[in-house]
Amino acid sequence: MTVTHSPAPGAVWRRGRWSLLVHRRSVAVGLTLFGLVVAVGLISLAVGDYPISVPDTVRTLLGNGSVDTDYVIFEERLPRLLTALAAGAAFGASGALFQSLTRNPLGSPDIIGFTAGASTGALAAFLLVGTTLQFVATGAIIGGLASAVVVYGLAYRRGTTSYRLVLIGVAVQLLLLSTNTFLLMRADVLDAQSASWWLVGSLNGRDYGYAAIAGAAVVLLLPIALLLHRRCLMLELGDTSARTLGVPVERSRLAVATVGVGLAAGATASVGPIAFVALAAPQLARRLTTATGPGVLPAALMGALLLSVSDLIAQHGLGEDQAPVGVVSSCLGGAYLIWMLSRTRQGG
Amino acid sequence: MTADLLTAPASRARPARRSRRFRLATGLVLACAGLLCAVVLSVFLGARPIDLGVVLDALRHYDPAVDDHIVVRDLRIPRTLTGLAAGAALGLAGALTQALARNPLADPGLLGINQGAALGLVVAVAVAGTTHPLSVVWFAFVSASAAALLVFGIVVRGRGGADPVRLILAGMAVTYVLSGIVYAIVLQDYQTYQSYRSWVIGSLASPDPDQLAAMTPFLALGTALAVLLARPLNVLALGDETGHALGVRRARVRGLAGVVMVMLCGAATVLAGPIVFVGLVVPYLARMITGPDYRWLLPYSTVLAATLLLVADVVGRVIVRPSEVAVGVTMAFVGAPVLIAMIRRRGRLPRL
């Protein structure tokens, strides 16, 4: 297969019998995004009620801080930042996988009913079992995984097609969203309001435990997602072409969906169902890199950047009122997407 | 012999086409009959059991002293009319959206209309401090239209024109910005949250004749324009180049379809709340019946959507007497299993 439409998009890296096609622009974009993530991370650690200078922050991170800066950074700010970064990366990567799988810009863990199911599970736990974060997060994971399994099962009929998966996903999703509305209607108004706070997505009170959940998802599943890159490229050609090229279509699709759901599950358990990051991050990353294929890594970096910047604004940019991070990320990501769409000249 | 071979398929095709048209027309008549039944049910059945004779009396000799008469006149009839109008408008708007976006996931609310209306409502309650139905309705309608205009504006600014993918992405982006703002307001303010919650569920429980009257001109004009759009949309469905060659102005048809969609969906959303299911699913089901011809697809979507909304509303009124389940909820519980069954049963699915 030769790429005919763009002249020399990358360089080939060879070593013995291994070779790798390096897309130059993606590498540049990836490095830039990584730099921005580091910068935003340092700023979030530095600013707050107890301001710390950036050099002091770096010194503290390297283990040479004072007792005060150690406490503020390691106990208060770092867990929250790590949660935001890990969850953002997981959402971004998950979105990239699902958009590639469904060949649809509206593809996201929503498509397989995950986010709506997670919300239903969380709401049920919140309103019926208990309001602590552990219950809510457990409810979310159970609800999300259960609905993903149901959607896949219903769409399976001597194999699935992306198209049928998407449609069944939509039907189940609508059912779950109505259940959520029903639960919220039945609940006491104040309970419903605080449940909504969680549903929008929030980073308040997240300790290392939450960072570990999202972090584990990223560390375990992101490498697998990267290994699936080639499969995704083939699947994007359509089932028939992929089969002709020797790809086990059904198994690959199941693998991609499982990894995508796993990433979303880790992120949802730690910050709540912030669906928008999964939708927007891959689109934004893809428009920057102009590369083909799922682009999992740039999407993950973009997701981490989006969520950490949003949290920075949510914490410090809005005066006394702290908004949940989900509110800020949807305004910020949406505005950025609008700007990109009105600027770029062609769709894609 | 050769002449025979050439003419035979054509002469066989003609009666086939006629019988297909006959079948579709019969189907439409049946659907209208179904709609009529739904209307009758919606007037006669409710959370409060009222005898048939009393309902008929209320319609013929209205007596304001009788409670049951008031229920029929002031609640059931406006409710039925609102349901009818909102359902029909959402079905029609949904069919147009799918034509515009060429995407089976495209719900009319996707283009920023639902969140636009929500923002209007929230601003009316939280900032302007009014809960009067008529002013809320105008706030919501203007804000919904503005949101949709913003979406189209973003799409038109790029050189690619009204490319479906860009349309969906722009709708998504605007929706998320607006929903962020709505949530930022709603999560801080208890009073506004309550208004928002009862609207967002999608309910016909408190119909307001003034609101319906205010939206009627938009609904009527939108429906009339949609009828004119059926043929040009058929041509455009052949592909942009073919459409252009056949003399259809792509930009004009798309633009007009967009405006009609905003009028219909905006009015319906303002009246009944963001009921997602109808506009998304009914046009899709209608397409399974009619095939791609918009001259059939549009009326089928309209009638079936109105029927579905009314039936779902009646079910919601009856299942948990004396309280009610909002129509947005019953809708999904009635419609989703049907949709899933149809998707599973059909081997091949209609693509857009």
Side-chain angles (χ1 to χ4, degrees), chain A residues 102 104-107 111 154-155 157 161 163-164 166-179 181-182 184-185 189-190 192-194 196-197 200 275-276 279-280 283 318 321 323-324 326-348, chain B residues 103-107 110 150 153-155 157-161 163-170 172-181 183-184 186-188 190 193-194 197-198 200-202 276-277 280-281 284 325-326 328-333 335-340 343-344 347 349 351:
Chain A
T102 57
N104 194 314
L106 292 179
I111 282 308
L154 283 173
R157 234 195 60 182
T161 62
Y163 204 68
R164 190 158 62 219
V166 166
L167 284 169
I168 298 267
V170 170
V172 171
Q173 201 190 336
L174 288 172
L175 202 61
L176 291 167
L177 287 178
S178 296
T179 313
T181 334
F182 181 71
L184 282 176
M185 264 330 257
V189 182
L190 288 177
Q193 201 176 11
S194 48
S196 300
W197 188 278
V200 173
F276 186 61
L279 272 174
Q283 285 297 326
L318 301 170
D321 299 339
V327 165
V328 182
S329 73
S330 81
C331 287
L332 202 67
Y336 190 25
L337 197 53
I338 290 174
W339 179 73
M340 279 198 124
L341 283 170
S342 53
R343 199 185 58 110
T344 50
R345 291 200 167 159
Q346 76 243 14
Chain B
N103 192 318
L105 299 183
D107 171 77
L110 193 83
L150 181 61
I154 294 165
V155 173
R157 267 200 67 184
R159 211 169 30 166
D163 162 26
V165 176
R166 288 168 55 86
L167 191 68
I168 290 168
L169 285 175
M172 198 170 85
V174 169
T175 297
Y176 275 98
V177 172
L178 294 177
S179 79
I181 300 170
Y183 267 109
V186 157
L187 288 178
Q188 309 289 349
Y190 166 80
Y193 181 79
Q194 210 161 16
R197 183 173 76 153
S198 58
V200 80
I201 192 169
V276 277
F277 202 82
L280 185 72
V281 172
Y284 193 77
V325 181
V329 174
T330 36
M331 172 75 67
F333 277 89
V338 175
L339 179 67
I340 291 172
I343 296 167
R344 278 184 61 80
L349 298 161
R351 279 171 185 261

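Just so it is clear, the structure is predicted and the values come from calculations on it, not from any experiment.
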**Q** For the interface with chain B, which of A/Leu176, A/Leu332, A/Leu154 has the highest count of heavy-atom pairs at distances below 4.5 Å?
**A** A/Leu154
**Q** If every non-hydrogen atom of A/Ser330 is compared with every non-hydrogen atom of B/Tyr176, which pair is closest and at what distance?
**A** OG-O, 3.0 Å
**Q** For B/Tyr183, is it the side chain, the backbone, both, or neither that has a heavy atom closer than 4.5 Å to a heavy atom of chain A?
**A** both
**Q** Taking side-chain contact (heavy atoms from CB on, under 4.5 Å) as the test, write out the residues that go with B/Leu150, two or more places apart.
**A** B/Ile154, B/Val174
**Q** So, using side-chain contact (heavy atoms from CB on, under 4.5 Å) as the criterion, who are the partners of B/Ile181 when residues are at least two apart?
**A** A/Cys331, B/Leu119, B/Val177, B/Ile185
**Q** Return the minimal non-hydrogen interatomic distance between B/Ala173 and A/Gly334, and the atom names on each side.
**A** CB-O, 3.5 Å
**Q** For B/Ala184, which atoms come within 4.5 Å of any heavy atom of chain A: side chain, backbone, both, or neither?
**A** both
